[in-house]
Peer 1: 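One structure follows; several queries about it will come next.
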Amino acid sequence: MANPGYAWWVGGDGNVWIKDGSGTRSMGNQYTLGNDGSALFDGGGLISAARINDPNPQKTVTNTAPTQTVAKPVLNQAAVNNTQATIDQLPAILQAALQSEDTTYGNTTSGYNAAEGTQRKTYDASTTTNQQNYDSNFMDSIRAGIKGLGGLMALLRGTGAAGGTVDNQVKDTVGGVTANDIRGGADTQKENQGQLDSSLSTFLTDLEQKRKQADDTHVNNTRSIQRDNATQMQDLFSKMAGYYGDAGMTGQANDFMGRAGALTPTIAANTATQVSAYDTTPVAVQAPQLTAFAAPTQPNVLAAPSDGQVGSGIFTISNNKRKDSTTPAPVAVAQGA
């Protein structure tokens with residue numbers, strides 16, 4: 001008769017397991033079964049226990065090693081905090097760098113504006129002076145013609161050669177000299193104005209090239225600053241992903257890896273840009289080569305009457321011709337100093 005509560009069974013591992021007053025234990029292969037397979041014998045005789053089916057056939061194992069508990073990785077919180085603090089500072093650093101770049105660009109272009117203002121003032125003042133010189137030359141030519149004509153007419157009257165055709169020829173001659181002086185002044189004024197226009201145009205062309213270079217430098221510098229900031233941010237995001245990944249915090253690690261990857265297009269688009277210095281050399285001020293206005297011709301008679309002629313300047317009269325002709329006429333016409 002089996003003891004109540006005692007039992008034995010053959011486990012899935014092929015060993016005999018016994019449950020008795022001392023607990024559950026394995027007999028291994030050291031057992032003998034009765035002829036009908038219900039009785040169990042060991043070296044000491046019959047085991048007073050009833051045979052039952054394996055109560056846990058799926059979990060009956062033999063010689064299992066003891067379970068080892070592995071310590072869960074610990075998050076490096078200090079590294080996370082320090083890295084996050086740096087991440088938080090980068091937007092302000094970016095803003096300060098962009099503002100500094102804008103200030104440098106503004107100062108450079110302000111210098112160009114000042115240079116243009118100076119050149120334009122020079123151009124305006126020179127244009128005004130050129131016109132004033134022309135006006136003065138014009139009036140000087142008129143006055144010289146009037147004065148010369150008056151002197152010649154007085155001379156003709158004094159010699160008895162005045163009147164009729166002689167008067168007209170004298171007026172035509174003096175008028176031609178005066179007109180030539182006026183044309184010369186106008187040509188000089190036009191030539192000088194052309195030089196002024198050309199110098200201003202050359203200056204503005206050079207200045208426009210500098211402005212274009214400054215614009216390109218500003219764009220490149222801005223993009224370079226943004227690229228460098230994004231590169232630093234991407235590196236910090238990657239470090240954060242590593243900290244969380246080492247601690248087994250996959251969700252947080254993946255989040256930071258995604259944020260790092262999102263910055264790649266910005267970095268790639270600005271890879272070729274480099275921060276460069278502005279060209280602050282002054283634009284050369286263009287000084288035009290201006291022609292001086294010629295002094296007006298003074299129509300006059302330079303020499304005293306001699307050898308039968310009156311004068312030797314703009315109007316020369318033969319004294320013999322004057323005696324033989326009732327209508328005095330000029331013998332020779334020349335331009336004097």
Peer 1: Does a donor on one side chain and an acceptor on the other come within less than 3.5 Å for Thr266 and Gln226?
Peer 2: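 No, no side-chain donor-acceptor contact under 3.5 Å.
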Peer 1: Are Leu98 and Thr222 packed together at the side-chain level, in the sense that at least one heavy-atom pair is separated by less than 4.5 angstrom?
Peer 2: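 Of all side-chain heavy-atom pairs linking Thr222 with Leu98, at least one is under 4.5 Å.
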Peer 1: Roughly how far, to the nearest 0.5 Å, is CG of Asp255 from OG1 of Thr250?
Peer 2: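 Between Thr250 OG1 and Asp255 CG, I get 12.5 Å after rounding to 0.5 Å.
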Peer 1: Mind checking the OG-CD1 spacing from Ser100 to Ile225? Nearest 0.5 Å is all I need.
Peer 2: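 Reported value, rounded in 0.5 Å steps: 7.0 Å.
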Peer 1: Is there a continuous path of hydrophobic side-chain contacts, each under 4.5 Å between heavy atoms, that joins Tyr112 to Val219?
Peer 2: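 Different clusters: Tyr112 never reaches Val219 through Ile, Leu, Val, Met, Phe, Trp or Tyr contacts under 4.5 Å.
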Peer 1: Distance to the ring centre below 6.0 angstrom and angle to the axis at most 45 degrees; does that hold for Arg259 and Phe237?
Peer 2: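 Because its charged atom sits under 6.0 Å from the ring centre and within 45° of the axis, Arg259 does stack over Phe237.
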Peer 1: Applying side-chain contact (heavy atoms from CB on, under 4.5 Å), run through Trp17 and Ile52 and close with a yes or a no.
Peer 2: CA-CA 10 Å; Trp17 290 79; Ile52 64 174; over 6 Å; no
Peer 1: Quick one: does Asp181's side chain have a donor or acceptor within less than 3.5 Å of a partner on Phe138's backbone?
Peer 2: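 Checking the backbone N and O of Phe138 against the side chain of Asp181, no donor-acceptor pair under 3.5 Å is found.
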Peer 1: Ignoring hydrogens and geometry, is there a side-chain-to-backbone donor-acceptor pair from Ser201 to Asp197 under 3.5 Å?
Peer 2: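 No, Ser201 side chain to Asp197 backbone: no donor-acceptor pair under 3.5 Å.
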Peer 1: Drop me the distance from Asn220's CG to Ser276's OG, to the nearest 0.5 angstrom.
Peer 2: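 It is 6.0 Å, given to the nearest 0.5 Å.
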Peer 1: Heavy-atom distance under 4.5 Å between the side chains of Ile18 and Tyr6, does that happen here?
Peer 2: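 Sidechains of Tyr6 and Ile18: no contact.
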Peer 1: Can you check whether Gly194's main-chain N or O pairs, donor with acceptor, with Ser198's side chain at less than 3.5 Å?
Peer 2: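 The answer is no, because no donor-acceptor pair under 3.5 Å joins these two groups.
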Peer 1: Using a 4.5 Å cut-off on heavy atoms from C-beta on, say whether the side chain of Leu75 contacts that of Val80.
Peer 2: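 Yes, at least one pair of side-chain atoms sits under 4.5 Å.
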Peer 1: If only side-chain N and O atoms count, and only distance matters, is there a donor-acceptor pair under 3.5 Å linking Arg223 with Asn270?
Peer 2: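 Note: Asn270 and Arg223 side chains meet the donor-acceptor criterion.
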Peer 1: For a 4.5 angstrom cut-off between non-hydrogen side-chain atoms, does Arg120 reach Leu204?
Peer 2: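 Sidechains of Leu204 and Arg120: in contact.
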Peer 1: Check the hydrophobic clustering (I, L, V, M, F, W, Y; side-chain heavy atoms under 4.5 Å; chains of links allowed) and say if Ile93 and Leu236 are grouped together.
Peer 2: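 The answer is yes; both residues are in one hydrophobic cluster.
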Peer 1: Can a salt bridge be assigned to the pair Lys212 and Asp216 using a cut-off of 4.0 Å between side-chain N and carboxylate O?
Peer 2: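 A salt bridge links Lys212 with Asp216.
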Peer 1: Ignoring hydrogens, what is the shortest heavy-atom contact between Ala253 and Gly245? Give both atom names and the distance.
Peer 2: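 In terms of heavy atoms, the two residues are closest at CB-N, 3.7 Å.
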Peer 1: Aromatic rings Phe256 and Tyr244: how do their planes relate, parallel, tilted or perpendicular, breaks at 30° and 60°?
Peer 2: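 Answer is parallel, since the angle falls under 30°.
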Peer 1: Okay, side chain of Asn137, backbone of Ala294: is any donor-acceptor separation there less than 3.5 Å?
Peer 2: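 Such a contact is found between Asn137 side chain and Ala294 backbone.
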Peer 1: Treating Thr217 as the side-chain partner and Gln213 as the backbone partner, does any N or O pair qualify as donor plus acceptor under 3.5 Å?
Peer 2: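 Yes, Thr217 side chain to Gln213 backbone: donor-acceptor pair under 3.5 Å.
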Peer 1: Side chains of Thr291 and Glu191: is there a donor and an acceptor less than 3.5 Å apart?
Peer 2: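 Thr291 vs Glu191: donor-acceptor pair found between side chains.
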Peer 1: Taking the side chain as every heavy atom from C-beta outward, state whether Asp246 and Pro73 have any atom pair closer than 4.5 Å.
Peer 2: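 SC-SC contact between Asp246 and Pro73 ruled out.
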Peer 1: Would you check if Asn133 and Gln189 make a side-chain contact, meaning some heavy-atom pair closer than 4.5 Å?
Peer 2: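 The answer is no, as the side chains (C-beta and beyond) never meet within the 4.5 Å cut-off.
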Peer 1: Determine whether the side chains of Tyr278 and Asn107 contain a donor N or O and an acceptor N or O closer than 3.5 Å.
Peer 2: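 On atom types as modelled, these side chains do not qualify, holding no pair under 3.5 Å.
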Peer 1: Taking Asn229 for the side chain and Leu90 for the main chain, is one N or O donor matched with an acceptor at less than 3.5 Å?
Peer 2: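 At least one qualifying donor-acceptor pair exists.
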Peer 1: Could you check Thr83 against Tyr243 for side-chain contact (heavy atoms from CB on, under 4.5 Å), going step by step and ending with a plain yes or no?
Peer 2: CA-CA 10 Å; Thr83 305; Tyr243 298 146; 3.3 Å; yes
Peer 1: Any carboxylate oxygen within less than 4.0 angstrom of a Lys/Arg side-chain nitrogen, looking at Arg143 and Asp140?
Peer 2: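 The answer is yes: the pair qualifies as a salt bridge.
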Peer 1: Between Thr108 (side chain) and Thr104 (backbone), is there a donor-acceptor pair under 3.5 Å?
Peer 2: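 Side chain of Thr108 to backbone of Thr104: a pair is present.
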Peer 1: Between the main-chain N or O of Ala78 and the side-chain N or O of Asn82, is there a donor-acceptor pair closer than 3.5 Å?
Peer 2: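 Yes; at least one donor-acceptor contact below 3.5 Å.
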Peer 1: Is a donor on one side and an acceptor on the other found under 3.5 Å between the side chain of Thr271 and the backbone of Ala268?
Peer 2: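 Pair found, side chain donor or acceptor close to backbone of Ala268.
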Peer 1: Does Lys121 come within less than 4.0 Å of Glu116, counting only side-chain N to carboxylate O?
Peer 2: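 The answer is no: the pair does not qualify as a salt bridge.
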Peer 1: State plainly whether the residues Lys239 and Asp235 are in salt-bridge range, i.e. N to O under 4.0 Å.
Peer 2: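 Result for this pair is yes, salt bridge flagged.
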Peer 1: Measure the spacing between CZ of Arg227 and CG of Leu263 and express it to the nearest 0.5 Å.
Peer 2: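 Atom-to-atom, Arg227:CZ and Leu263:CG are 14.0 Å apart.
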Peer 1: Quick test of your reading of the model: are Asp206 and Lys210 salt-bridged, counting only N-O distances below 4.0 Å?
Peer 2: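 Salt bridge flag = no for Lys210 with Asp206.
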Peer 1: So for atom CE, which belongs to Met249, do other residues, nucleotides or ligands contribute more than 12 heavy atoms lying within a distance under 6.0 Å?
Peer 2: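 Enclosed.
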Peer 1: Is there a side-chain contact between Gln131 and Thr128 (heavy atoms, below 4.5 Å)?
Peer 2: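 Of all side-chain heavy-atom pairs linking Thr128 with Gln131, none is under 4.5 Å.
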Peer 1: Hey, is CG on Asn81 packed in by over 12 heavy atoms from elsewhere, all under 6.0 Å?
Peer 2: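 More than 12 within 6.0 Å, yes.
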Peer 1: About how many Å separate CD of Gln232 and CG of Leu94, when rounded to the nearest 0.5 Å?
Peer 2: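 Spacing of CG (Leu94) from CD (Gln232) equals 9.5 Å.
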Peer 1: With no hydrogens and no angle check, do the side chains of Asp88 and Gln84 hold a donor and an acceptor under 3.5 Å apart?
Peer 2: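 Judged by distance alone, the side chains do pair up.
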Peer 1: Which heavy atom of Pro265 sits nearest a heavy atom of Gly261, and at what distance?
Peer 2: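 Smallest interatomic distance, heavy atoms only, reads CD-O, 3.8 Å.
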Peer 1: Roughly how far apart are Thr202 OG1 and Gln119 CD, rounded to 0.5 Å?
Peer 2: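 Going from OG1 on Thr202 over to CD on Gln119, the span is 9.5 Å.
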Peer 1: Under a 4.5 Å side-chain heavy-atom rule over Ile, Leu, Val, Met, Phe, Trp and Tyr, are Leu196 and Leu207 clustered together?
Peer 2: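 The answer is yes; both residues are in one hydrophobic cluster.
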Peer 1: Count I, L, V, M, F, W, Y as connected when their side-chain heavy atoms are under 4.5 Å apart, and connections chain through other members. Are Met240 and Met257 then in the same cluster?
Peer 2: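 Different hydrophobic clusters.
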